[in-house]
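Heads up: numbering here begins at 1 and tracks the sequence. Just so it is clear, the values below take in all heavy atoms, side chains as well, and ignore hydrogens, waters and symmetry mates.
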Amino acid sequence: MASLRVVNRLVCRGFVVMTLLLIFFNEILIYYIAQSSWQNIDCKLENCTRMLLIADPQILGNSYDRSSHSPLARYDSDRYLQKSFERAVSFTQPHIIVFLGDLLDEGNIATAQEYKQYVQRFKRIYHHKRFNNRVHVPGDNDIGGENGDYISNSNQRRFENEFMSEDLFDYDNRLRFFKINRMLLDFTNPDREHNSERLRIGVSHAPLLIGGGPLLRAIISDLDPHIIFSAHWHESRIFIYPSTKVINFYENAVRHFDLKALKEQEHSYLEIMVPTCSYRMGKSKIGMGYAVLENYNLHYTVLWQPNRFILLFTYVFWGLFVLCSAIVYKMMTRCPFRVAKRQTLYSRVSSTIPQF
């Protein structure tokens, strides 16, 4: 019996150690493993500007999912976004952080109290004392507008009050950001006279070059951007206008673009679609954009993140394995002793019976 207790103790400790190792791998080590595949972009000039591009985090709300495990899902999603953001900021040391819309999943339908809670969660996830140069553009999940949905003035105002009140317009007298709202067919351009003196960057939630129409013509005519960053499709793509060329960009590599030559020699416009950074969007490839500008040279890559669903499935499989192992182990250790005990008792009784 003493040896059996020792074996039981060793087995239990083994399962505990393996569980702790699995948690350490899934919750800490995996982010550093993902970071090991990221491509570093070195600054060669003094006027180098590093930008971290974050698309479609879609902080989970309370209305769409009311299941018993929804609080755990919200906690896990928030923690994943925060850990990914921390590693990306540490790796890139960005001068500017650009949020490309759909910051909240239920911003367009949230009550005033719910909206305040969602904003607090968003700011807690993406809080960083050292990097406060930010640009935010609204998405359809923030203010409405998808599939012709009505966009209320109150939704616009509260997004602007919470996210856009301290946004950048110019940075270091070199870069100029233009916020483009495709849902409202609107964009900002408050200082037209000095546009030509800046490298012009359009930021939009929905893609622009692929859609065409009067908004695109107005953007080309009034803003004449060197580069546009967009999101919405949760994909990683590169568009070049006026050609119909679309590049799916899913490799661990750095793309290089001469924005001045692209515009002046090829008379083309460049748009980069940044993939979603949330595993809740159901995409197998998720990440954040990382762009470095030196004069008119753009270097761009994607900081690919670990697929959280796969990690969560490992918890389920490990739990089932532990449960099945425990059941089998109990059957193997207890049943033979019970049989042996019965056989011993039977032999004792039979030995007391007189033999004739």
Side-chain angles (χ1 to χ4, degrees), residues 47-55 94-101 133-139 164 167-233 235-247 249 255-274 289-302:
N47 62 353
C48 170
T49 303
R50 296 183 296 273
M51 294 186 294
L52 181 63
L53 304 147
I54 300 175
H95 298 100
I96 305 167
I97 301 175
V98 181
F99 294 93
L100 293 166
N133 290 327
R134 303 188 177 208
V135 179
H136 304 79
V137 293
M164 299 176 66
D167 274 2
L168 285 174
F169 180 61
D170 285 344
Y171 176 75
D172 200 24
N173 292 323
R174 294 184 294 106
L175 307 181
R176 173 159 289 184
F177 290 89
F178 299 96
K179 302 168 194 173
I180 303 168
N181 190 324
R182 185 170 177 178
M183 290 87 71
L184 294 173
L185 303 180
D186 187 28
F187 54 85
T188 59
N189 189 13
D191 187 22
R192 298 173 186 268
E193 296 180 358
H194 299 93
N195 281 349
S196 60
E197 302 171 6
R198 310 285 194 275
L199 191 153
R200 299 173 296 281
I201 303 172
V203 287
S204 169
H205 173 64
L208 299 171
L209 298 185
I210 199 70
L215 177 62
L216 177 59
R217 291 193 293 270
I219 290 170
I220 292 176
S221 174
D222 294 352
L223 305 183
D224 193 27
H226 293 89
I227 174 69
I228 298 172
F229 293 105
S230 64
H232 185 56
W233 289 1
E235 304 284 355
S236 179
R237 295 180 181 176
I238 298 171
F239 305 104
I240 298 177
Y241 178 86
S243 74
T244 58
K245 188 176 182 180
V246 179
I247 303 171
F249 182 54
R255 291 281 179 139
H256 306 275
F257 303 94
D258 186 338
L259 300 181
K260 193 170 185 178
L262 193 67
K263 175 177 292 297
E264 296 179 0
Q265 298 176 16
E266 301 181 27
H267 305 289
S268 298
Y269 292 86
L270 174 68
E271 178 175 345
I272 294 178
M273 180 182 289
V274 180
Y290 175 34
V292 175
L293 278 166
E294 294 180 304
N295 291 331
Y296 289 91
N297 293 313
L298 171 67
H299 313 281
Y300 175 79
T301 187
V302 177

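- Counting only heavy atoms from C-beta outward, the side chains of V98 and V274 never approach each other to under 4.5 Å.
- In this pair, H205 and H232 present their aromatic rings perpendicular. The plane angle is above 60°, beyond the 30 to 60° band.
- Of all the heavy atoms in H299 and E294, the pair that sits closest is NE2-OE1, 3.6 Å.
- In this structure, CD1 in I201 is found 5.0 Å from CG in L293, a value given to the nearest 0.5 Å.
- Residues P225 and F178 are not in side-chain contact: their nearest non-hydrogen atoms beyond the backbone lie 4.5 Å or more apart.
- Side-chain N or O atoms of D258 include one that pairs as donor or acceptor with a backbone N or O of K260 at under 3.5 Å.
- The closest side-chain heavy-atom distance from V137 to S204 is not below 4.5 Å.
- One distance of note links CG of N133 with CG of L168; it measures 4.5 Å at 0.5 Å rounding.
- Distance CG/L216 to CZ/R182: 8.5 Å, rounded to 0.5 Å.
- Closest approach of L185 and L215 over heavy atoms only: C-CD1, 3.9 Å.
- Atom CD1 of residue I228 and atom CE of residue M273 lie 11.5 Å apart, to the nearest 0.5 angstrom.
- D167 has its side chain out of reach of F177: every pair of non-hydrogen atoms, C-beta onward, lies at least 4.5 Å apart.
- The CG atom of D222 sits 10.5 Å away from the CD1 atom of I220 when rounded to the nearest 0.5 Å.
- In this structure, H95 and Y171 have tilted ring planes: the angle between them lies in the 30° to 60° band.
- Looking at I238 and L270, their side chains come closer than 4.5 Å, going by heavy atoms from C-beta outward.
- Below 30°, between 30° and 60°, or above 60°: for Y241 and Y269 the angle between ring planes is between 30° and 60°, a tilted geometry.
- We find the CZ-CG distance between F187 and L223 to be 4.5 Å, quoted to the nearest 0.5 Å.
- For the pair T49/L199, no side-chain contact is recorded, criterion being any heavy-atom separation below 4.5 Å from C-beta on.
- In this structure the side chain of R176 reaches within 4.5 angstrom of the side chain of F169, judged on heavy atoms.
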side-chain contact (heavy atoms from CB on, under 4.5 Å) assessment of L53 paired with I272 | CA-CA 10 Å; L53 304 147; I272 294 178; over 6 Å; no
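- Checking side-chain atoms of R200 against main-chain N and O of D224 turns up a donor-acceptor pair under 3.5 Å.
- I240 and S268 get closest at one heavy-atom pair: CG2-CB, 3.9 Å.
- Although no hydrogens or angles enter the test, the distance criterion places no donor-acceptor pair under 3.5 Å between the side chain of R255 and the main chain of F249.
- In plain terms, the two heavy atoms of M164 and K179 that are nearest each other are CE-CD, 3.5 Å.
- Although no hydrogens or angles enter the test, the distance criterion places no donor-acceptor pair under 3.5 Å between the side chain of R198 and the main chain of D170.
- Heavy-atom minimum distance, L209 versus E271: N-OE1, 2.7 Å.
- Closest non-hydrogen pair, L100 versus S230, comes out as CD1-O, 3.7 Å.
- Relative ring orientation between F229 and Y300 is described as tilted, the plane-to-plane angle lying within the 30° to 60° band.
- Donor-acceptor pairing under 3.5 Å is recorded for the side chains of N195 and N189.
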